[in-house]
Amino acid sequence: MHRIVFFGTSDFAVPHLEALVQDSRFHVVAVVTQPDKPVGRHAELTPPPVKRAAERYTLPTFQPEKLSELNSILPPDLDVGVVVSYGKILPPWLLELPARGFVNVHASLLPRWRGPSPIHAAIAAGDTHTGVTVMKLDEAMDHGPILATDGTSILDTDTGGSLHDRLAGMGATLLPNILDGYLSGKTGPTTQDHTKATYCKILTRENGKIDWFKTAHEIERQVRAYDPWPGSWTELSGKRLKILAVKIRPNNASFSPGQRFVWKKRPTVGCGQGTTVELVTVQPEGKKPMSGEEFIRGNKTWSE
RNA sequence: CGCGGGAUAGAGCAGUUGGCAGCUCGCCAGGCCCAUAACCUGGAGGUCGCCGGUUCGAGUCCGGCUCCCGCAA
């Protein structure tokens, strides 16, 4: 059995951990994840998803604030490390600790969309195809040689959430066999074509603010890409209006970007280049999500 | 005790200085029409989140409680 140390934090990492734990070829000797963080309206300390999963399998778990703490803690004789959505960059000394280094699962077809938000980036950019990449970790972010990939189409109905779940499943299915192949020497790494690399940035809630000068198509893709996180929103009467779903509507150049109007009884907004989108589902501050038509009903500030 | 919004008909909202509880949509019945999510007429549907207080009288004022949500982290 191969002795593995698993680094991961988010929901995306959980199926990967489970796949390795349930595979008799591997022995997960330790799990490293981010420390518990305050979450929710009253800032309750909450463990990350991977910690919960590790507890279900009673795996030794470490939550170092600084990776240097791991120096003397990790079990010896590690064959390989696996990193999936851990949230920190691993320093060189750590990468060299396991005999065969570290393997990473990334939610894009590298070298496209290196960085922390590949799923969002692929949908927002209008990519029709994406996938997961299993690669060897090297010193640069998402830069190492590729062991395997698996692809999927991006549907018009895909959201950040649906694609996230699909890719997580694909990665978890792909990882065990590729990892075994790598460790037994059957699967060799292929250097990335670095000239084709593209990059995505880390997202915050601020990034969810809709730029109405973009076209309806761009905005529609953003709303889907950022659902459920970080979400999309706009300002209305000094308050934030979450926008959960939009539909592209017929062009109408008489409305300028950001201009609100009513189309077939539905709230609609002008976008860039004469395009328009209908707000299908919205959520005002302090309210539950509601349809655009419902939102219009009791609302006097929409059309002036 | 991090900041803030909210709870009124099935849904979304209004309710002014306390004085018979309203609007839009939906629903039911009927009408108009080639037809309709359009239009017209009529109708059903509410312990105003819960408990207590002030008052001749509380959706409205006071105190407490429960639940929902936005921000922040």
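Being a predicted model, the structure only gives us computed values, none of them experimental.
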(message) Using side-chain hydrogen bond (donor to acceptor under 3.5 Å, both in side chains), reason through A/K51 and A/Q63 one step at a time and then give a plain yes or no.
(response) CA-CA 9 Å; A/K51 183 183 180 184; A/Q63 297 178 277; 3.0 Å; yes
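- Checking B/A7 for Watson-Crick or G-U wobble geometry (two distances, each under 3.5 Å) identifies B/U66 as its partner.
- Ring orientation note: the planes of A/H143 and A/H194 are close to parallel, at an angle under 30° on the 30°/60° scale.
- When the C1' atom of B/U24 is taken as reference, atom CE of A/M290 falls 14 Å away, rounded to whole Å.
- Nucleotides B/G18 and B/G31 are separated by 43 Å at their C1' atoms, to the nearest Å.
- Taking atom C1' on both B/A9 and B/G26, the two are 11 Å apart, rounded to the nearest angstrom.
- One interatomic measurement links the two molecules: NZ of A/K239 to P of B/C13, which rounds to 11 Å at whole-angstrom precision.
- One C1' atom belongs to B/C3, the other to B/U16, and the distance between them is 30 Å to the nearest Å.
- For A/F295 and B/G12, the CZ to P distance is 13 Å, given to the nearest whole Å.
- For A/H2 and A/H27, the distance between ring centers is not under 6.0 angstrom.
- When Watson-Crick and G-U wobble pairs are counted only if both distances are under 3.5 Å, B/C71 pairs with B/G2.
- In summary, A/D79 and A/R100 do not engage in a salt bridge, as defined by a charged side-chain N under 4.0 Å from a carboxylate O.
- If you check B/G42 for Watson-Crick or wobble pairing at under 3.5 angstrom, you find it paired to B/C28.
- B/A58 and B/C50 are spaced 15 Å apart, taking the P atom of each and rounding to whole Å.
- Each of A/N299 and A/R266 was assigned the nucleotide of RNA chain B with the nearest heavy atom; the assignment lying further toward the 5' end belongs to A/N299.
- Rounded to the nearest Å, the gap between the P atom of B/G53 and that of B/A11 is 30 Å.
- Nearest-nucleotide mapping onto RNA chain B: of A/K288 and A/K265, the residue sitting toward the 5' end is A/K265.
- As the counterpart of B/U55, no nucleotide is assigned, since no Watson-Crick or G-U wobble pattern has both distances under 3.5 Å.
- If you take CD of A/E294 and C1' of B/A14, they are 17 Å apart, rounded to a whole angstrom.
- A distance of 10.5 Å separates CE of A/M290 from CG of A/L244, quoted to the nearest 0.5 Å.
- Separating the P atom of B/U8 from that of B/U60 is a span of 14 Å, rounded to the nearest Å.
- Between A/Y226 and A/I243 there is no side-chain heavy-atom pair separated by less than 4.5 Å.
- Note: A/I296 CD1 to A/R260 CZ = 9.0 Å, rounded to the nearest 0.5 Å.
- Nucleotides B/A7 and B/A14, compared at atom P, are 7 Å apart to the nearest Å.
- Distance noted for atom C1' between B/U41 and B/C32: 11 Å (whole Å).
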N/O to N/O distances under 3.5 Å, protein versus nucleotides 70-73 of chain B:
from  : atom 1 : to     : atom 2 : distance (Å)
B/G70 : OP1    : A/K242 : NZ     : 3.4
B/G70 : O4'    : A/G286 : N      : 3.2
B/G70 : N7     : A/R41  : NH1    : 2.8
B/A72 : OP2    : A/R205 : NE     : 3.4
B/A72 : N1     : A/G40  : O      : 2.8
B/A73 : N6     : A/R205 : NH2    : 2.8
B/A73 : N1     : A/G40  : N      : 3.3
B/A73 : N3     : A/P38  : O      : 3.4

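- Salt-bridge annotation for A/R224 and A/E220: present, with a side-chain N of the basic residue lying under 4.0 Å from a carboxylate O of the acidic one.
- Using N1 to N3 plus N6-O4 or O6-N4 for Watson-Crick, or N1-O2 and O6-N3 for G-U wobble, each under 3.5 Å, B/U16 pairs with nothing.
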